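Have a look at the structure below before the remarks.
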There are 4 protein chains.
Amino acid sequence: MLLTLAFESETPLYQQIKNQIITGIAQGKLQPGEALPSVRQLAADIGINFHTVNKVYQQLKQENWVVIHRRSGVIINPELNLKADEVYRESLTSTLEVLFAEAHLRGITLEESHHLIKTIYQSYVQEVSK
Amino acid sequence: MLLTLAFESETPLYQQIKNQIITGIAQGKLQPGEALPSVRQLAADIGINFHTVNKVYQQLKQENWVVIHRRSGVIINPELNLKADEVYRESLTSTLEVLFAEAHLRGITLEESHHLIKTIYQSYVQEVSK
Amino acid sequence: MLLTLAFESETPLYQQIKNQIITGIAQGKLQPGEALPSVRQLAADIGINFHTVNKVYQQLKQENWVVIHRRSGVIINPELNLKADEVYRESLTSTLEVLFAEAHLRGITLEESHHLIKTIYQSYVQEVSK
Amino acid sequence: MLLTLAFESETPLYQQIKNQIITGIAQGKLQPGEALPSVRQLAADIGINFHTVNKVYQQLKQENWVVIHRRSGVIINPELNLKADEVYRESLTSTLEVLFAEAHLRGITLEESHHLIKTIYQSYVQEVSK
DNA sequence: GTGGTCTAGACCACT
DNA sequence: GTGGTCTAGACCACG
């Protein structure tokens with residue numbers, strides 16, 4: 001998978017990487033069980049400090065997106081089985097509330113929003129794992 | 001309108017305030033032409049420094065959400081007429097891509113997403129301004 | 001002459017009024033010797049504090065645009081005979097330098113600028129006084 | 001590039017700095033892609049508070065003059081590509097109207113104005129970027 | 001009383 | 001070491 005970074009973005013680099021990995025999983029570009037490059041490898045590839053990559057991997061591990069094996073390195077969690085608990089749903093809802101408040105005021109209708117999200121969902125794979 | 005701040009949140013205070021004001025406009029709690037409290041007043045009300053409030057107002061002014069009168073203070077832009085240009089649409093799309101990638105992987109279906117967004121839109125007023 | 005104020009502008013009200021009076025003289029809408037409304041009259045007409053109007057008149061007097069007679073009120077200086085001294089030329093030059101630096105970077109050519117200024121000059125009367 | 005501040009001027013310090021940076025770009029003293037000093041560095045150099053410099057940089061960023069990298073600090077936007085939209089042209093025109101009204105009344109002719117502006121344009125670089 | 005400007009200093013996130 | 005956030009307090013311009 002190819003990572004593209006926007007160094008001038010407000011979004012921290014580690015966040016950009018994390019986002020792209022999670023999106024990559026959703027889109028099937030990264031399969032559960034698949035290995036990710038080593039911290040130093042990835043850092044060298046995209047030309048950033050390896051601490052930054054390390055931070056990403058640690059957070060991904062924390063949130064169960066990946067597992068870190070001592071020998072085989074970092075792999076996408078083969079048992080990927082995250083659930084949307086109440087806390088997650090609430091945070092998602094409030095994020096969307098803010099996001100679509102502005103979208104609505106800028107003239108984006110419910111229909112457009114539905115269509116947009118439908119298109120996005122079509123880029124995701126149906127069955128993620130097991 | 002009542003503002004509630006999460007002081008322990010990672011989201012900067014000024015961002016929280018800004019979000020709530022924009023959401024407030026979308027939900028009709030704040031009407032175009034309506035006055036906002038003065039920087040010092042609002043700061044005192046919610047117990048923060050007036051510079052933080054000032055930062056919010058300055059950004060809202062920059063983005064045309066409000067108009068700052070030298071005499072009467074800050075009011076919601078009565079000619080609120082923002083448009084969704086290409087830049088905005090792209091940033092919205094990529095934000096949603098990331099957001100729903102995780103949602104999808106957590107088992108939230110397209111139907112659920114549609115329903116969620118429909119509910120959110122129902123909280124917004126139909127006609128914002130002319 | 002009709003004054004139009006932009007209350008939401010960054011430009012102070014007193015400055016807007018002053019600008020319009022000077023522009024009015026240049027365009028012949030206000031003739032040397034012509035009387036201006038009284039401070040209270042003008043303030044009432046445009047709905048602002050009379051201190052603001054007073055400030056304008058005092059500055060105009062200071063800069064010799066008007067003379068204030070005890071009985072006949074404020075009139076445009078009939079002997080209007082301002083000269084562009086070195087100080088004035090320097091300040092004009094440096095103002096224009098900044099202004100056209102941005103214009104240039106936004107793609108406005110020298111020819112366009114010439115044309116623009118020519119048009120503006122055409123709105124002025126040829127002979128101002130005596 | 002050397003910045004010179006007039007502390008006793010009515011023009012706010014941050015505005016003076018901003019003006020000089022934009023003029024510097026137009027005159028080629030600052031090249032697109034070139035780095036500006038860090039907020040604290042510049043502040044120390046010219047003996048002012050770093051918040052004041054920060055304000056300048058934030059505004060320049062908002063108006064797309066510069067790009068702020070999280071790593072390498074602030075650089076002149078390498079893709080400097082500002083356009084003169086209708087709003088800008090109108091504000092420029094009305095500024096010039098006021099400016100030249102006084103100039104005209106002080107005896108500065110159209111020819112002199114043309115010459116002045118031509119000289120100013122000659123201090124700018126021809127091709128700004130790409 | 002309103003916002004605008006400037007200073008000063010602290011703490012934090014990111015790289 | 002870089003910018004980002006927040007607090008605090010002072011003085012000024014405007015109306």
Side-chain angles (χ1 to χ4, degrees), chain A residues 5 7-17 43 46-56, chain B residues 5 7 9-17 35-44 46-59 61 66-75, chain C residues 5 7-17 43 46-56, chain D residues 5 7 9-17 35-44 46-59 61 66-75:
Chain A
L5 294 185
F7 288 97
E8 78 289 354
S9 163
E10 310 237 297
T11 312
L13 294 182
Y14 85 91
Q15 187 67 59
Q16 294 182 40
I17 300 172
I46 54 187
I48 62 173
N49 194 297
F50 80 92
H51 287 117
T52 307
V53 178
N54 197 43
K55 182 169 184 173
V56 176
Chain B
L5 294 184
F7 287 95
S9 163
E10 301 217 311
T11 311
L13 295 180
Y14 85 91
Q15 187 65 59
Q16 294 182 39
I17 300 172
L36 292 175
S38 77
V39 277
R40 285 171 170 84
Q41 184 62 53
L42 181 51
I46 55 186
I48 61 172
N49 191 281
F50 85 90
H51 285 117
T52 306
V53 177
N54 194 42
K55 183 170 185 173
V56 176
Y57 283 3
Q58 287 302 322
Q59 290 197 5
K61 170 189 161 196
V66 304
V67 149
I68 300 185
H69 276 219
R70 216 171 271 275
R71 35 165 50 177
S72 41
V74 180
I75 63 173
Chain C
L5 294 184
F7 289 97
E8 77 290 354
S9 163
E10 309 236 299
T11 312
L13 294 182
Y14 86 91
Q15 187 67 61
Q16 294 183 41
I17 299 172
I46 53 186
I48 62 174
N49 194 298
F50 81 91
H51 287 117
T52 307
V53 177
N54 196 43
K55 182 168 184 174
V56 176
Chain D
L5 294 185
F7 286 96
S9 163
E10 300 218 310
T11 311
L13 296 180
Y14 84 91
Q15 187 65 59
Q16 294 182 39
I17 300 172
L36 292 174
S38 76
V39 278
R40 284 170 172 85
Q41 184 63 53
L42 181 52
I46 55 187
I48 61 173
N49 191 280
F50 84 90
H51 285 117
T52 305
V53 177
N54 194 42
K55 183 171 185 172
V56 176
Y57 283 3
Q58 287 303 321
Q59 291 196 5
K61 170 189 162 196
V66 304
V67 150
I68 302 184
H69 277 219
R70 214 171 273 277
R71 35 166 52 179
S72 40
V74 180
I75 63 172

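None of these values were measured; they are calculated from a predicted model. We name chains A, B, ... by the order of the sequence lines, and we start the count at 1 in each one.
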Taking atom P of E:dA13 as reference, at what distance in whole Å does atom CD of B:Glu10 sit? 8 Å
List for me each residue that meets salt bridge (Lys or Arg N to Asp or Glu O under 4.0 Å) alongside D:Glu10, sequence neighbours excluded, and say none if there are none. none
Just verifying a value: how many Å separate C:Leu5 CG and C:Ile46 CD1, rounded to the nearest 0.5 Å? 4.5 Å
Hey, does the side chain of D:Tyr57 come within less than 4.0 Å of F:dG3's phosphate (OP1/OP2), counting only N and O? no
Nearest-Å distance, CD1 (C:Ile46) to P (F:dC14)? 16 Å
B:Ile68 CD1 - F:dC14 P separation (whole Å): 16 Å
How long is the gap from NE2 on D:His69 to CG on A:Leu13, to the nearest 0.5 Å? 10.0 Å
Contact class for B:Gln58 (heavy atom, under 4.0 Å): base, sugar-phosphate, or nothing? sugar-phosphate
Roughly, in whole Å, what's the span from CZ in B:Phe7 to C1' in F:dC6? 11 Å
Between B:Thr52 and F:dT7, does any side-chain N or O lie under 4.0 Å from OP1 or OP2? yes
Does F:dC14 have OP1 or OP2 sitting under 4.0 Å from an N or O in the side chain of C:Tyr14? yes
Can you tell me how far the OG atom of A:Ser9 sits from the CD1 atom of D:Ile68, to the nearest 0.5 Å? 12.0 Å
Scan C:Ile48 against the nucleic acid and name what it touches under 4.0 Å (heavy atoms): base, sugar-phosphate only, or nothing. nothing
D:Leu13 or B:His69, whichever maps to the more 5' nucleotide of DNA chain E: B:His69
Any residue meeting side chain to side chain donor-acceptor pair (under 3.5 Å) with A:Glu8, in chain and number order, not counting sequence neighbours: none
Considering heavy-atom distances to DNA chain F, does C:Thr11 or D:Gly73 have its closest nucleotide positioned more toward the 5' end? D:Gly73
Ranking E:dT15, F:dC14, E:dG3 by distance to the side chain of C:Pro12, first place goes to F:dC14
Just the atom pairs and distances: protein N or O near nucleotides 9-12 of chain F's N or O, under 3.5 Å.
from	atom 1	to	atom 2	distance (Å)
F:dG9	O6	B:His51	NE2	2.5

Here the gap from A:Ile48 atom CD1 to A:Ile17 atom CD1, rounded to the nearest 0.5 Å, amounts to 3.5 Å
Counting only side-chain nitrogens and oxygens, does D:Asn54 get under 4.0 Å of the OP1 or OP2 atom of F:dG4? yes
By the 4.0 Å heavy-atom rule, please label A:Gln16 as base, sugar-phosphate, or nothing. nothing
B:Leu42 CG to E:dT2 P, straight-line distance once rounded to whole Å: 12 Å
For DNA chain F, write out the stems as range with range, using runs of 3 or more consecutive Watson-Crick or G-U pairs with both distances under 3.5 Å. E:1-14 with F:1-14
Let me confirm one number: the CD-CD distance from D:Gln59 to B:Gln58, rounded to the nearest 0.5 Å. 8.0 Å
Does D:Lys55 put a side-chain nitrogen or oxygen below 4.0 Å from OP1 or OP2 of E:dT5? yes
Of all residues at least two apart in sequence or in a different chain, which pass the side chain to side chain donor-acceptor pair (under 3.5 Å) check with D:Gln16? none
Set of residues satisfying side chain to side chain donor-acceptor pair (under 3.5 Å) with respect to D:Asn49, sequence neighbours excluded: D:His51
Going from CG on D:Asn54 to NZ on D:Lys61, what distance comes out if it is rounded to the nearest 0.5 angstrom? 9.5 Å
On DNA chain F, does the nearest nucleotide to B:Gly47 precede the nearest nucleotide to C:Gln15 from the 5' side, or the other way round? Give the residue. B:Gly47
